[in-house]
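The chains referred to below are lettered A, B, ... by the order of the sequence lines, with proteins before strands, and numbering in each begins at 1. The structure presented is a predicted model; accordingly, all values stated were derived computationally and were not measured.
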Protein chains: 2
Amino acid sequence: MALKHAVLAALTSREGSGYELSKRFDASVANFWPASSQQVYRELDRLEGEGMVKARTVRQEKRPDKRVFSITRDGSRELREFIRNTTRPTVVRDDLLVKVASINPDNRDDVATAIRDRLEFSRRKLEMYEGLREAILGNDSEEEFLAAGPAREDFGPYLALKRGIAFERGNIRWAREVLSVLD
Amino acid sequence: MALKHAVLAALTSREGSGYELSKRFDASVANFWPASSQQVYRELDRLEGEGMVKARTVRQEKRPDKRVFSITRDGSRELREFIRNTTRPTVVRDDLLVKVASINPDNRDDVATAIRDRLEFSRRKLEMYEGLREAILGNDSEEEFLAAGPAREDFGPYLALKRGIAFERGNIRWAREVLSVLD
DNA sequence: TGTGACTACTCAATTTGTTGAGTATATGGT
DNA sequence: ACCATATACTCAACAAATTGAGTAGTCACA
């Protein structure tokens, strides 16, 4: 009830092979719904069994054959239902916060190190996100891009990406604040 | 490798019964590591088997007996190790973003509804967080509270809570922005 | 007298997610 | 000639999380 819809969502804009989809995941959906390639494949098989996606085998020269998946009418219906159903907000599961919550005078340096690591990670991730953002926008300003509305390809992914960017900025701000308190 | 440490962390400040812990989770750790009561009980059993927590049975009149758990030296060591090990940042798994990513002219209203629901939810959650925050601070200002450092009880939980608050504020800001773009 | 909420748990099926290894071909560089 | 990297997958064991049901007593309120 989860990865399922992420896969269907990834297939709405364009079809793709399992391999390609798992790459696509890495580059975009992964920000808010990560999955390994094995998971993607298994999910595609399952969805095929349920008739929500269909596959056609593409013969390739000089490369192994691949199966290219596209969403079916049933799949679209399922996705629409998913969007309509109120799902309880998925939660943040963050073990850094578990670490921070258990801080005490003895482990304070270890916790600070963990926060610094996260700060570094978030910085990197933010850079990556900004790169994706520029790639989506191309020559357009954000205003121009958004003015085109939901008809525009990548409109949805762009909005989701914005959340990812804000999230990492939040991580960075928080981490800096906590580190300065710890000094 | 996950809930385990959250439970140990919850036990560092004070001991507690399974029931109480699962409540404690709801009110604090749950913000970044939610778990159902069943999960907490099972985890406590496991941890007891591994010698990381120990239980004493408390007989109660007019109430069923309860088992009160506390962390052992082994448990503390495990927690320390966990804090020292660099864990890969846990990811946000947010199905609202899956919905948003799959937006198109047909489902735009449904997606907008989902965003509004989230906005409402985040507002409520933020209120709850602010309440917790005031309860922790008591009469102190944040500055005074933080000046006491990690020796202060709830110092860690307070810092973690701050992240939760910033997260929900980020949700709210983002949701409003997206809704205004969709109009 | 009944209702619902709270304390205090247990059991178990099922779904999800993780980890790690394996198969096979092709391209490009040192 | 060799090696890393990329394409395109598959299989299987395991760990973790979710869901749903059930037990049993207490307490406050109408």
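Rounded to whole angstrom, the span from the CG atom of B:L47 across to the C1' atom of D:dA16 amounts to 14 Å. Atoms CZ (A:R42) and C1' (D:dA13) sit 11 Å apart, rounded to a whole Å. Regarding A:W33, its CH2 atom lies at a distance of 11 Å from the P atom of C:dT18, rounded to whole Å. The nearest whole Å value for the distance from the CG atom in B:L21 to the P atom in C:dT7 is 14 Å. The distance from atom CG of A:L3 to atom C1' of C:dT15 is 12 Å, rounded to the nearest whole Å. The separation between B:H5 atom NE2 and D:dA16 atom C1' is 14 Å, rounded to whole Å. A straight line from CZ of B:R59 to P of D:dT26 spans 15 Å, rounded to a whole angstrom. Whole-Å rounding puts the A:E43 CD to D:dC9 C1' distance at 17 Å.
Checking side-chain atoms of B:T72 against main-chain N and O of B:G51 turns up a donor-acceptor pair under 3.5 Å. At least one donor-acceptor pair under 3.5 Å links the side chain of A:N107 to the backbone N or O of A:N104. The closest donor-acceptor contact from the side chain of A:W174 to the backbone of B:L159 lies under 3.5 Å.
Within the 4.0 Å cut-off from OP1 or OP2 of C:dT7, not a single side-chain nitrogen or oxygen of B:Q60 is found. The side chain of B:Q39 places no N or O atom within less than 4.0 Å of a non-bridging phosphate oxygen (OP1 or OP2) of D:dA16.
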Between B:Y129 and B:E168, does a side-chain contact (heavy atoms from CB on, under 4.5 Å) hold up when you go through it step by step?
CA-CA 9 Å; B:Y129 282 172; B:E168 292 307 343; 3.8 Å; yes
Which is it for A:S102 and B:L79 under the side-chain contact (heavy atoms from CB on, under 4.5 Å) test, yes or no, and what are the steps along the way?
CA-CA 9 Å; A:S102 65; B:L79 189 59; 4.1 Å; yes
Taking only N/O atoms, report every protein-nucleotides 9-11 of chain C pair under 3.5 Å with atom names and distance.
{"residue": "C:dC9", "atom": "OP1", "partner": "B:R67", "partner atom": "N", "Å": "3.0"}
{"residue": "C:dC9", "atom": "O5'", "partner": "B:Y41", "partner atom": "OH", "Å": "3.0"}
{"residue": "C:dC9", "atom": "O4'", "partner": "B:Y41", "partner atom": "OH", "Å": "3.4"}

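A 4.5 Å side-chain heavy-atom check between B:K54 and B:F69 finds every atom pair outside the cut-off.
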